[in-house]
A.B. asks: 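Okay, handing you the structure first.
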Amino acid sequence: MLIEWIMKRIVIAIGGNAILNPAKGSPVEQQRMIDETCAEIAEIVRKGYEVILTHGNGPQIGNILAMQEECGLVHPQPLDVCGAQTQGMLGYMLQQSLCNRLKERGIEKQVLTVLTQVVVDESCPSFKNPTKPIGLYYPESRARKMMGQGIRMIRDKKGYRRVVPSPEPIQIVEEAVIGKLIEEGVILIAAGGGGIPVILKHDLLTGIEGVVDKDLTGSLLASTLGAGIFLILTDVEKAALNYGKENQVDLDVITVSEARRYIREGHFGKGSMEPKVLAAVRFIMSGGKIAIISSLDKAIPALEGSAGTRVVA
Ligand code: ADP
Ligand code: MG
């Protein structure tokens with residue numbers, strides 16, 4: 001009975017790139033992608049799962065920064081405030097669409113977006129050495145100017161990109177009220193964009209500039225809420241060894257110790273697949289039952305065990 005109950009609570013993390021990339025299309029196209037995503041989530045709700053949804057915000061926060069930079073007329077907002085904006089924007093779109101998709105299926109459930117803060121540690125090394133690339137690519141001349149203004153940037157194949165701290169998520173500030181709302185039967189959209197990073201000083205909260213990894217926060221959310229399943233939906237169906245090479249091997253079921261070994265061996269992209277596998281490992285290590293990485297279109301087969309990569313104890 002308990003196991004059955006635990007297995008019904010599921011945290012689903014959806015990718016900011018794969019499913020919600022505003023750079024890929026017009027607002028109409030964007031709405032279509034959101035609707036497709038929410039139709040899939042509604043099907044999962046219909047199967048009787050207690051769903052908590054979380055999402056990435058990489059492209060969206062990048063766009064907000066670009067708007068601030070290009071405009072030049074208004075004072076730029078700090079990153080935590082930009083992160084809050086993306087939670088509101090994406091939360092609104094998902095909340096409305098998911099409500100509609102549920103109604104179409106005759107399911108009367110309330111959907112609510114929770115503006116969520118996540119506590120991080122000011123002494124986390126990522127604040128001194130930011131590594132998370134976000135936003136637009138800039139040509140060298142522009143990048144040099146930005147770096148002259150103190151903006152940290154890195155160069156890769158496509159050009160220069162801003163890098164920001166991506167601190168470890170430690171605790172979800174709103175965890176108690178999120179728990180209560182779930183018990184009330186509300187479907188929640190929470191900890192969007194990895195949560196708004198905040199630090200605790202003398203027991204008071206203050207925002208800090210950074211973007212927390214949404215997979216790691218999703219994992220923390222799932223274990224904090226006692227979910228049985230943590231489902232990460234991205235744009236590939238499985239995590240793979242030797243990814244993109246001739247000898248690529250897609251992974252079906254792996255244990256935590258295998259996952260750790262593959263991480264050490266460098267099989268997963270830093271900042272893309274690696275945090276997903278790590279998030280899955282952490283979830284299982286803190287008592288979760290099943291962690292799955294899959295693509296949106298394979299969400300239901302993945303839950304049924306016939307698609308995706310599963311990480312188990
Ligand atoms: P999301 O927006 O869903 O977080 P990411 O781009 O961060 O998506 O991560 C998914 C990407 O990870 C895939 O598109 C794929 O290109 C990349 N990736 C890197 N290493 C691997 C791997 N070993 N197996 C599968 N995908 C990988
Ligand atoms: Mg990602």
Side-chain angles (χ1 to χ4, degrees), residues 11-25 30 33-34 36-37 40-41 53-63 83 86-87 90 94 126 131-135 137 156-158 161 163-169 191-195 210-222 230-254 258-283 291-299 302 307-311:
V11 169
I12 306 176
I14 53 179
N17 274 304
I19 303 148
L20 306 160
N21 192 345
K24 278 189 188 154
Q30 179 72 42
M33 287 166 84
I34 294 267
E36 274 177 21
T37 302
E40 209 62 45
I41 306 297
L53 197 59
T54 190
H55 59 81
N57 72 349
Q60 292 75 19
I61 201 162
N63 283 6
T86 67
Q87 281 191 356
L90 292 172
L94 289 166
S126 95
T131 51
K132 186 181 174 71
I134 57 168
Y137 285 91
D156 71 16
K157 279 173 254 158
K158 291 197 241 167
R161 257 180 126 189
V163 280
V164 299
S166 189
E168 275 288 321
V211 178
V212 185
D213 184 275
K214 74 110 183 11
D215 298 308
L216 297 182
T217 302
S219 172
L220 177 66
L221 183 69
F230 177 39
L231 175 62
I232 302 175
L233 297 177
T234 183
D235 58 356
V236 286
E237 197 212 307
K238 289 173 199 265
L241 303 181
N242 309 314
Y243 179 68
K245 298 182 187 152
E246 260 175 31
N247 56 346
Q248 173 170 334
V249 180
D250 290 347
L251 298 166
D252 295 325
V253 182
I254 55 172
E258 285 168 337
R260 284 187 170 140
R261 176 156 54 87
Y262 299 148
I263 290 176
R264 273 199 309 278
E265 290 171 357
H267 282 286
F268 310 119
K270 297 252 174 250
S272 59
M273 189 49 75
E274 188 177 287
K276 295 182 202 310
V277 178
L278 182 62
V281 165
R282 286 187 186 176
F283 175 65
I292 314 168
I293 299 163
S294 192
S295 52
L296 179 74
D297 58 323
K298 293 280 171 20
T309 299
R310 280 186 174 220
V311 180

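Counting convention: from 1, in listed order, for ligands and their atoms alike.
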A.B. asks: For Arg161, which residues count as a side-chain contact (heavy atoms from CB on, under 4.5 Å) partner, sequence neighbours excluded?
C.D. replies: Pro133, Tyr137
A.B. asks: Any idea which atoms of ligand 1 are less than 4.0 Å away from a heavy-atom of Ala240?
C.D. replies: 22 (C), 23 (N), 24 (N), 25 (C)
A.B. asks: Could you report the tightest heavy-atom contact between Asp252 and Lys238, atom names first, then the distance?
C.D. replies: OD1-NZ, 2.6 Å
A.B. asks: Numbering the atoms of ligand 1 from 1, which are under 4.0 Å from a heavy atom of His267?
C.D. replies: 23 (N)
A.B. asks: Check ligand 1 against Lys238 and write out every atom of the ligand that is under 4.0 Å from a heavy-atom position of the residue.
C.D. replies: 25 (C)
A.B. asks: State the CG-CD1 distance between Leu233 and Ile293, to the nearest 0.5 angstrom.
C.D. replies: 10.5 Å
A.B. asks: What residues, two or more places apart in sequence or in another chain, satisfy side-chain contact (heavy atoms from CB on, under 4.5 Å) together with Thr54?
C.D. replies: Val11, Ala13, Ala191, Leu221
A.B. asks: Using modelled atom types and a 3.5 Å cut-off, is there a donor and acceptor pairing between side-chain atoms of Ser126 and backbone atoms of Ser166?
C.D. replies: yes
A.B. asks: Against heavy atoms of Thr234, which atoms of ligand 1 measure under 4.0 Å?
C.D. replies: 1 (P), 3 (O), 8 (O), 9 (O), 10 (C)
A.B. asks: Compute the minimum heavy-atom distance from Ala239 to ligand 1 and say whether it is under 4.0 Å.
C.D. replies: yes
A.B. asks: Hey, is the main chain of Ala307 close enough, under 3.5 Å, to the side chain of Ser294 for a donor-acceptor pair?
C.D. replies: no
A.B. asks: Could you tell me which atoms of ligand 1, counted from 1 in the order shown, lie closer than 4.0 angstrom to a heavy atom of Gly269?
C.D. replies: 19 (C), 20 (N)
A.B. asks: With heavy atoms of Asp235 as the reference, note each atom of ligand 1 found under 4.0 Å away.
C.D. replies: 10 (C), 11 (C), 13 (C), 14 (O)
A.B. asks: Which is closest to atom 9 (O) of ligand 1 by heavy-atom distance: Lys276, Lys214, Lys270?
C.D. replies: Lys276
